Amino acid sequence: MSLPDTLTISPSVLYFGTPVALVGTADSHANANISPVSSLWALGETIVLGLGTTGCALENIHKTEECTINLPSADLWPKIEAIARTTGSSPVPPKKAAIGYIHHPDKFALGGFTPVSSETVPAPRIAECPLQLECRLSALHGDKVRGFVLVDLEVTRVHAHRDIVVEGTRHIDTSRGHPLFFVFREYFGDARPLGRNFRVGR
Ligand SMILES: Cc1cc2nc3c(=O)[nH]c(=O)nc-3n(C[C@H](O)[C@H](O)[C@H](O)COP(=O)(O)O)c2cc1C
């Protein structure tokens with residue numbers, strides 16, 4: 001069998017496909033904000049986010065040293081897109097204004113999201129998201145030259161909608177969760193299970 005032919009290309013984005021998360025933050029006056037992200041990964045109790053240096057999320061996390069990470073289901077994508085062009089920062093940073101971003105002071109109202117109080121941090125969770133993680137800042141890595149930093153978070157509490165938890169266990173029922181992915185700036189859902197890793201249940 002011949003191997004697939006390849007082209008050398010320079011894509012305008014390299015978002016090859018990662019889950020969407022909504023970062024919940026609060027400023028020092030308890031004004032709540034939501035920031036959609038897709039540059040994130042989890043290992044053990046650690047979550048690492050890639051956040052733009054001009055965003056309101058980073059400004060709030062820098063000040064309060066905490067946030068929530070809310071994992072939406074695929075059907076929530078229109079609500080996320082409804083807040084996508086906005087920032088909690090005012091004035092809007094010039095580079096974002098140039099590509100059409102506007103300031104909005106209440107993205108919960110704009111997107112039709114419901115804030116819920118967290119138990120270990122002041123930042124609110126998002127009721128509509130099936131998985132809601134409360135997090136404290138462990139470290140910030142990187143510099144402003146690249147325009148983003150890596151936000152290293154420790155998960156302090158995990159909340160899950162009852163209907164995605166296997167009854168009587170602490171496990172997520174993957175047949176009932178429908179994660180949302182961001183792939184080259186398009187929303188994807190309906191991930192279907194293909195097979196189980198040998199560590200499931202161990
Ligand atoms: C699906 C999606 C994924 C995004 N991923 C990221 C990301 O990983 N990191 C980032 O800094 N911005 C990301 N953005 C852009 C931010 O959401 C955008 O800069 C927004 O204005 C941030 O809001 P804030 O300034 O109120 O924090 C993403 C946007 C969308 C819609």
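Computed from a predicted model, the values in this text were never measured in an experiment. Order of appearance sets the numbers: ligands from 1, and atoms from 1 within every ligand. Because only heavy atoms are used, hydrogens play no part in the values below, and waters and symmetry mates are left out as well, while side chains stay in.
Using cut-offs of 30° and 60° on the angle between ring planes, the pair Phe182 and Tyr187 is tilted.
Around atom NE2 of His62, no more than 12 heavy atoms belonging to other residues, nucleotides or ligands sit under 6.0 Å away. The neighbour count for Asp190 CG, taken as heavy atoms of other residues, nucleotides or ligands under 6.0 Å away, does not exceed 12.
At a heavy-atom cutoff of 4.0 Å, ligand 1 is surrounded by Asn33, Ser35, Pro36, Val37, Ser38, Ser39, Gly50, Leu51, Gly52, Gly55, Cys56, Ala57, Ala84, Thr86, Thr87, Gly88, Lys96, Tyr101, Lys107, Phe182, Tyr187.
For residues 131-154, the set of pairs meeting the ring pair (Phe, Tyr, Trp, His ring centres under 6.0 Å) definition, not counting sequence neighbours, is empty.
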*Determine, step by step, whether Glu134 and Thr68 satisfy the side-chain hydrogen bond (donor to acceptor under 3.5 Å, both in side chains) criterion, reporting the C-alpha distance in whole Å, the side-chain angles of both residues, the deciding distance to 0.1 Å, and the verdict.*
CA-CA 5 Å; Glu134 300 182 13; Thr68 62; over 6 Å; no
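Taking CG of Leu133 as the start and NE2 of His159 as the end, the distance is 8.5 Å to the nearest 0.5 Å.
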